[in-house]
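To start, the structure itself, in structure tokens.
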Amino acid sequence: MFHKDSWQEIFETINNNKLRTFLSGFTVALGIFIFVILFGFGNGLKNSFQEFFMDDATNIFRLFPGTTSKPYKGFKSGRLIEFDNNDIAEIKRNFPTQLLYITPRITRNYVVKYIKKSNNYGLRAVAPSHQFAEKTILMKGRFINHQDVKNKTKYAVIGRLVEKDLFEGDDALGKYINIGNRSFKVIGVFQDDGGDNEERYIYTPYTTNQLIEKNNDKVGEITLAFKPEIGFEGAMQFEEELMVFLKKRHHISTADENAIFIRNVADDLNQNQQFGSLLQMVVSFVGLGTLIAGIIGISNIMVFVVKERTKEIGVRKAIGATPRAVIFMILQESIFITTAAGYIGLFGGILLLKSIGTSLEDYFIKNPYIDMSTAIFATLILIIFGAIAGYVPARRAARIKPIEALNDK
Amino acid sequence: MIEIKNLHKSYKIGSNSLHVLKGINFNVAEGELVAIMGSSGSGKSTLLNIIGMLDIADEGTYTLDGVEIKDLDETKAAKYRNKFLGFIFQSFNLINYKTALENVALPLFYQKIPRKIREEKAIQYLKKVAIADWANHLPSELSGGQKQRVAIARALAAEPKVLLADEPTGALDSVTSCEVMQLIQEINDEGKTILVVTHETDIANMCKRIVFLKDGLIIEDRCVEQVRAKADVS
């Protein structure tokens, strides 16, 4: 039946019934187009969402010191808690099975100068493993290493935008910048997926900062990573043990909620992933709705098309068309139109998604996309349902006695 | 060519049954030109539809060219129609989005004849009905008489044994009617068996034999002196 001749017959029919062809083709193309766009936007939302929440490593605890809210062992409440080098050493010593790495993070603000340019930047005094916790990507040079920490060197690793602002396109590597009136050598430039703000930081060895600040041993916040193999449950238990351990060290009541804070990224991650899958569900639901609307549309048009052609079918049968030939004619035509229109809609939608890129980032839609298999699957679904929707009335039309079809006005 | 014995047909209208054909016995030999006459409701169109396998009889036998027509499913009926019969309708029933040529070629398409041969044959039959100049026009661009000529060419294209014409001149003025009848006579002269359903006496008189139907029975069946249709009759 899929003979060259029957194709010619189909093309003649299509060519001579442009409105009908346009209507059914347009429905399918629009259905697929909207499906692709909506699905793509959903994925774009997910992209933005991931960027907000997932730029850091996910096996991370952040420890923040606070102020005691309860008197304990002779200490009054309202005592300021501070972490120091010994805390880090003791955590390392006591939790070797769970701990992957640990780093202090002292955050300061400095005016930073290079020749005549100057600006205010955040400075983070850290240990080498901070690079993994923050997923800092080195563009050139290197990050702080253990030697720098040991020797308390005045080395700085600057963000991409710091280099851009201060050096205006020149290479910063090996140059000396002035941080709070002290000269630091730039040993690396980094970028970060966390966005522009993350790329306006400067990293220095934490020991250097301690030396500058009257050779103290305070470390600000502590960031640590657990071994991924302990799993989510293990991480939650580690968090509890860590809290007990630190409260004991700093003489804090176990009931005190304000003295030490632990932010568990694993816990956040769990919530984020739940939100992510909710988003995915919404996107899938919207996509399904669009597809169903498309299927209903194409079904209506097929019923209309067959109704419109009842008389023609009667004539064809009177001059020798078998029911099979009639059904094949209608199906072949409808499948051809839905396939062609489906691909037009598909590529139109993909093209539009591609052209959007990052231009809708303000609306939290970044790099919308649809994976090819989903898009083609949706198109196939529409083609198949279009064929089924055409088959039912076509079969009925093919069964009508030609005389009834001919009397149909 | 056609043998019909004791043919019955009734239609169900709601709970009532309308007995349209009440035992028709009727034979047609090859090369005849038969008019079937009767007032409306006499069953003449029903008889033609059964002969044309567009409809199925309730009772009786029907033999066409030595083949007994029975147990017809749609596929079989379509094949017989395509092989044995050509139809000419009152309302022409051309496919309106196809040109005259494509309409004439359509029965050959269902005989799976290659496109080139189809078109050659279609042209040949359009020439025969003297309308080849209009081959690439759509039915909407043709007059009633021209449309009926195209329909006759289409009926002839499949080279059927019998031509069935249901009120072929019903939608035409008298001059055009004469032209169409002249064409039908010419085709008959070449030996084709033709059945014409009509209620007009002058059309019936242009045939060679007239069968009168009344209330589902044949009340008269006689041969007549054929009146030749003349195109310039005014």
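A note on names: the letters A, B, ... follow the listed sequences, proteins ahead of strands, and every chain is numbered from 1.
Between the CG atom of B:Asn93 and the CZ atom of A:Arg316 there is a distance of 13.0 Å, given to the nearest 0.5 Å.
Crowding of B:Lys22 atom NZ: a count of heavy atoms from other residues, nucleotides or ligands under 6.0 Å exceeding 12. In the displayed structure, A:Phe26 atom CZ is contacted under 6.0 Å by at most 12 heavy atoms of other residues, nucleotides or ligands. The local environment of CZ in A:Phe41 is crowded, with over 12 non-hydrogen atoms from other residues, nucleotides or ligands closer than 6.0 Å. In the displayed structure, B:Tyr11 atom OH is contacted under 6.0 Å by more than 12 heavy atoms of other residues, nucleotides or ligands. The number of heavy atoms from other shown groups lying within 6.0 Å of CD (B:Glu120) is above 12.
A donor-acceptor pair is defined here as one N or O able to donate and one able to accept, closer than 3.5 Å; such a pair exists between the side chain of B:Asn82 and the backbone of A:Ile319. With B:Arg81 contributing its side chain and A:Lys317 its backbone, the two residues share a donor-acceptor pair below 3.5 Å.
Annotation for A:Ala321 and B:Ala78: closest pair O-CB, 3.3 Å, computed over non-hydrogen atoms. Of all heavy-atom pairs spanning B:Tyr110 and A:Ala325, the tightest one is CE2-CB, 3.9 Å.
Contacts classified as side chain to side chain donor-acceptor pair (under 3.5 Å) and involving residues 374-400 of chain A (residues at least two apart or in different chains) are given here: A:Asp371-A:Thr374.
At a threshold of 4.5 Å between non-hydrogen side-chain atoms, the residues B:Asn96 and A:Glu312 do not count as touching.
For B:Ile113, the part lying near chain A is the backbone, with the side chain staying farther off; criterion is any non-hydrogen pair under 4.5 Å. Heavy-atom distances place no part of B:Gln111 under 4.5 Å from chain A, backbone and side chain included. Of the atoms belonging to B:Phe89, it is side-chain heavy atoms, and not backbone ones, that fall under 4.5 Å from chain A.
Considering only heavy-atom pairs separated by less than 4.5 Å from chain A, the leading option among B:Glu102, B:Lys76, B:Lys83 is B:Glu102.
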